[in-house]
Amino acid sequence: MEKVVWALILIPWALALAVFISPWHRLRQAITFLSLPVLVYLTYLLSDGSLPLLIHTPHWVSQLITLYDFLLLFYFLYQGLKFRSFLVSVLSLFQIFLLVWVLLILPHREGAELLVDRLTLFMYWIVATVGTLISIYATKYMEQENLERENRFVSVLLWFLGVMNFAVSVNNLEWFFALFETTTLASYVLIRFRWDEISIKNALRALWMNQVGGIAILLAILFAVKYYGVYRFTEILAIKGHLISMVPLGFLAISALVKGAQMPFHRWLLGAMVAPTPVSAILHSATMVKIAPYLILRLSPVIKGTLLAKLLIITTGFVFVSAGLLALTQDNFKKILAYSTISLLGLMMLTGAMGSSTAVLASLLLILFHAVVKALLFMEAGVMEKLFKAKYLEDIRRLVERAPVTVFFVSIGFMSMTIVPYGIFVAKWLTLEEASNFLSHGAYVGSIIFVATGGVILTLLYFKIIGVMTRKREEFFRFRLEKLPFVYLFSTVPLVVFTIVGSIFIALLSTKLINPVVSQVVGSPAPIKALGLTLQTGVSELYGWQIVGAFTLLLIVPVCAYFIHFSGTDRVFTYTCGERVELNLGTYDFLCISQVEPLVETVSVALFVLTLVLGGGLV
Amino acid sequence: MSLALLITLLSPVIGGFVYGVERILRARMQGRVGPPLLQPFYDFFKLLEKRSMVIHSFHAFMGLMYLLGTWFSLYVLLSGGDILIAIFFHLLSLAFLVVGGFSVRSSYSILGSMRELLHMVAYEPVFVLAAAGLYLITGTFQISQILHSDKLPLLYLPLVFIALLLTLPSVLKKSPFDVAEAHQEIIGGPEIEYSGKFYEAIYTAKWIEYVYAFFFVFLFAGGSWWLGALLVLLSFFLVNLIDNATARVNFRQMVAFHWCVLIPLVVINLMLLALWRS
Amino acid sequence: MDFKKFRKKSPWLLHYNTGSCNGCDIEILACLAPKYDLERFGILNRGNPKQSDVLIVTGPVTKRARERLIRLYFEMPEPKVVVAVGACACTGGVFRHMYNVLNGVDKVIPVDVYVPGCAARPEAIIDGVAKALEILEKKKKDFVPPKVCKNVEVKEPINRKFLLEKCLGVKNEG
Ligand code: SF4
């Protein structure tokens, strides 16, 4: 088993190297294609084993990692000096200082350095499927963009998968710091990939913001060692019940919030859109930002019910609503997607912080479906950009006339984030019920308000975009389905299929596959049952016929739209009060919301500080 | 279950009668005589016979889907399942109307669809929070159990009930919250481009929405169905009174009213209740 | 069931002003107000050609209004009737033979009922609409092209967009 874990961590590195040195495009593509079955098979091997798995490592690995830490930080410092970025250099220096301090006081105790439990495995699954599909997609994307630098790009993506696998399986907080900073490095390299001015600027911004998270982790280690004398996840989780101080947990939560691009640290994720689109896809779906909910879920047994959890709920809930609101004012497709990621990450962490088994189930469902759907949407954004030259809402208007298949996929992606039978909806529904449950104990009133209002705002956002895309001038019968390159179809269709099939069998999925994860995170499984397609929770049911009915309603639409033309009926113009005008309509831009943006940011800063100071118990 | 099916199948008829009564009531409130009771059905049959015209087939088809979706969501509500699911199914049916409205290049239609979404933004949180309130009282989200609970939710949730009553105009597109339809301004919004049989689908779906919306009022009486019927009658009267007595607000005022007045109202009620309990 | 009789019971109005002095329009609105209460007959003022049965036109049809009137007429689904309300709409009235008017609605689209008067009294309008309803009940669901398009061939099913473009185009050439 241990070998499999190491293989999962190291094989992406090897593949990345192979891609990097291989001279032909076809070979690189083949290697990338290979990563999918290999990683899936390895993850599958692990699924059978007995988990959790604690892996001890020889001492030299630790020393190697420490050395690597210093190299990394000096590299950051070098980058800061090279690009004259004050923040980056100062933060790197501060990190080096803190790291030295940590190493000085770190007690040496025997213990497992790697921890592979079902939560880790869950993340492995996402990386092995969604992550590799994005890499495959990237090979074609880069072929259309810049074949010369394709090898670098794809190899960084593959390497990123390995890093991610490593990051979610470490137990030692110091190692976690190293991996955390490595993901920062990976994102930095990817964002500045195009080497123009704005890319470098945004990459540096991503770098310093994530370094703040790194500092938070180092401080967390310092305080954990000071108060408890421990520095491993398992040990921190073991001391639950008699916590002396919340400070380390507060700092860890802050690092999660930063990594999860929660306001006010959301700008680095928005900046990531200047890079080639697969970068956004991989940052938003399988890797990087998913560390944030992962970390909260790891800690959720200890922070559950504390003031920290409550403040986290308010902070992330606020982000859930306000990021959705700000997304309404945007007109760049990728930016809208980025805002909606920030918003949904807020929801994931909110449910994670609630910490009850049903909430954690909802959080895991959200992570899973969000990864799939966001990967799909960003890939489609790339397709739209490359094949149809559509980047802004202006350009995607009447896209359905040119690219019905793409529009269909994007619509499925959007609808699956709000509308009734899809996975993310089920997660929201579970959250609402759990929030009402909490409410009956006289607490957490914030959570239900945020979930109820944030959901509708996202619905408004997505339907606004679907509305722009589906606008047409003429009848459908003159249109043809567009031809997409095979690689694009290969990487997107499985995601679409999973979104639909996974949502139909949501009951089985959540009881059989997700609930074991929940029981390992929380300690007890969520009280849900599957009866055929019907999902039963303690207080209510989502019937199978409802799911199937909703899907029939939804899937009738594209099918019939293609076949039914009412060819016997008259065609008329749209009503224009009798005027002969060429109409060119946009959509609402919600300028009134962008006026309150400074206010929103101020509040989010305040909440951030509150979380740290009150939740972490710094006072 | 069979009762639910029966009501669902008959809901266009019931909704039609409700609409007929409403037209008479409204006329009487204005000192007019008003149309005959069966007027909505006359309209229905007339529309059936008109020659239909379409902008393009997708648009017309979405009108039919709206009817189907509304009908299905009503069945989800009446069949006694989860109340939240029923609320979100309504959203699904609304989605058809909205996408249909967006799919034509008519300014009225697009404006109307956008406003339809804003309606949804306004009233849906209130509905969700009201469902949470019902859960606090009855301990279940299943409508069938709420309808048989021996508690009277109205007693515990007076503010929630008031908030729900005040959202009804927005659900049913009545003045002052009829920005999506706004007959004098955008001539029906998303429904403007439908005609003949396709308009008929929209027209009928609106009747079904009457049944859908007033059923929520009915739920507030819990197990005592007579009280529920009384509540429905009262709220029906009240909604029409408000409709006749007020002028249209703009969409910002509408959303602001729902978010800044009604949601706090609901939350205060829920918080007091939860505090009282704990 | 014979649906034809329901036409009479639920006529929906579209009211269009082709350059009248607003006198007749005020009277039409008076019909809908409580005193005369046209809704007794199930009449609704829809303001939307696609859902209306009765087109009530006032005014002498200025040259600018001509195209709009034709478009609105095209957009109404059959069966439909046209009621010309006021002396202007019937013959041009006080505006007759002015340089900018076409002297009456029937120069452009087929008119079924003429309601005279300057301004037409509400009673007369109600009477006219009632007459129109009788005609409406007898009407077939055929498409009668407006006067200006008589020379354009009409085929079933009608693509009105095409037809409209063509017939206005023909006129413009001539
Ligand atoms: S008929 Fe007389 S009142 Fe009527 S529009 Fe003409 S001028 Fe005015």
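Chain naming here is simple, since letters A, B, ... match the order of the sequence lines and numbering starts at 1 in each.
- Closest of all the heavy-atom pairs between B:Tyr66 and B:Ser93 is CD1-O, 3.2 Å.
- Heavy atoms closer than 4.5 Å to chain B are found nowhere in C:Asn45, neither backbone nor side chain.
- In terms of the side chain to side chain contact (heavy atoms under 4.5 Å, CB included) criterion, residue partners of B:Ser195 (sequence neighbours excluded) are, by chain and number, B:Met53, C:Lys50.
- For CZ of C:Arg96, the number of neighbouring non-hydrogen atoms (other residues, nucleotides, ligands) closer than 6.0 Å is greater than 12.
- Close approach to chain C, defined as a heavy atom under 4.5 Å from one of its heavy atoms, is seen in no residue of residues 100-108 of chain B.
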(request) Take B:Trp71 and B:Tyr75, measure what ring-ring contact (aromatic ring centres under 6.0 Å, His included) needs, and give me the verdict at the end. (result) CA-CA 6 Å; B:Trp71 218 333; B:Tyr75 181 64; over 10 Å; no
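- Heavy-atom distances place no part of C:Leu136 under 4.5 Å from chain B, backbone and side chain included.
- Both the backbone and the side chain of B:Glu191 come within contact range of chain C, with heavy atoms under 4.5 Å apart.
- At a 4.5 Å heavy-atom cutoff, B:Phe198 makes no contact with chain C through either its backbone or its side chain.
- Between C:Tyr114 and C:Lys131, every side-chain heavy-atom pair lies at or beyond the 4.5 Å cut-off.
- Legend: residues meeting ring-ring contact (aromatic ring centres under 6.0 Å, His included) with B:Phe17, ordered by chain and number and at least two apart, are B:Phe41.
- A donor-acceptor contact shorter than 3.5 Å is absent between the side chain of B:Glu209 and the backbone of B:Leu172.
- A donor-acceptor pair is defined here as one N or O able to donate and one able to accept, closer than 3.5 Å; such a pair exists between the side chain of B:Ser175 and the backbone of B:Thr246.
- With a 4.5 angstrom heavy-atom cutoff, C:Ile43 does not touch chain B via any of its atoms.
- Using non-hydrogen atoms only and a strict 4.5 Å limit, the part of residues 26-39 of chain B facing chain C consists of B:Gln30, B:Gly31, B:Arg32, B:Val33, B:Gly34, B:Pro35, B:Pro36, B:Gln39.
- Neither the backbone nor the side chain of B:Ile24 comes within contact range of chain C; no heavy atoms are under 4.5 Å apart.
- The aromatic rings of B:Phe214 and B:Tyr210 sit parallel, their planes meeting at an angle under 30°, below the 60° perpendicular limit.
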(message) Test side chain to side chain contact (heavy atoms under 4.5 Å, CB included) on C:Trp12 and B:Lys46; report intermediate values, then the result.
(response) CA-CA 10 Å; C:Trp12 290 353; B:Lys46 176 207 71 177; 3.5 Å; yes
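- Only the side chain of B:Leu48 comes within contact range of chain C, judged by heavy atoms closer than 4.5 Å.
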(message) Determine whether B:Val179 and B:Leu118 satisfy the following criterion, side chain to side chain contact (heavy atoms under 4.5 Å, CB included), listing intermediate values before the conclusion.
(response) CA-CA 9 Å; B:Val179 290; B:Leu118 287 164; over 6 Å; no
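- When atom types are taken as modelled, the side chain of B:Lys173 and the backbone of B:His119 share no donor-acceptor pair closer than 3.5 angstrom.
- Side chains of C:Pro110 and C:Tyr73 form a contact here, defined as non-hydrogen atoms less than 4.5 Å apart.
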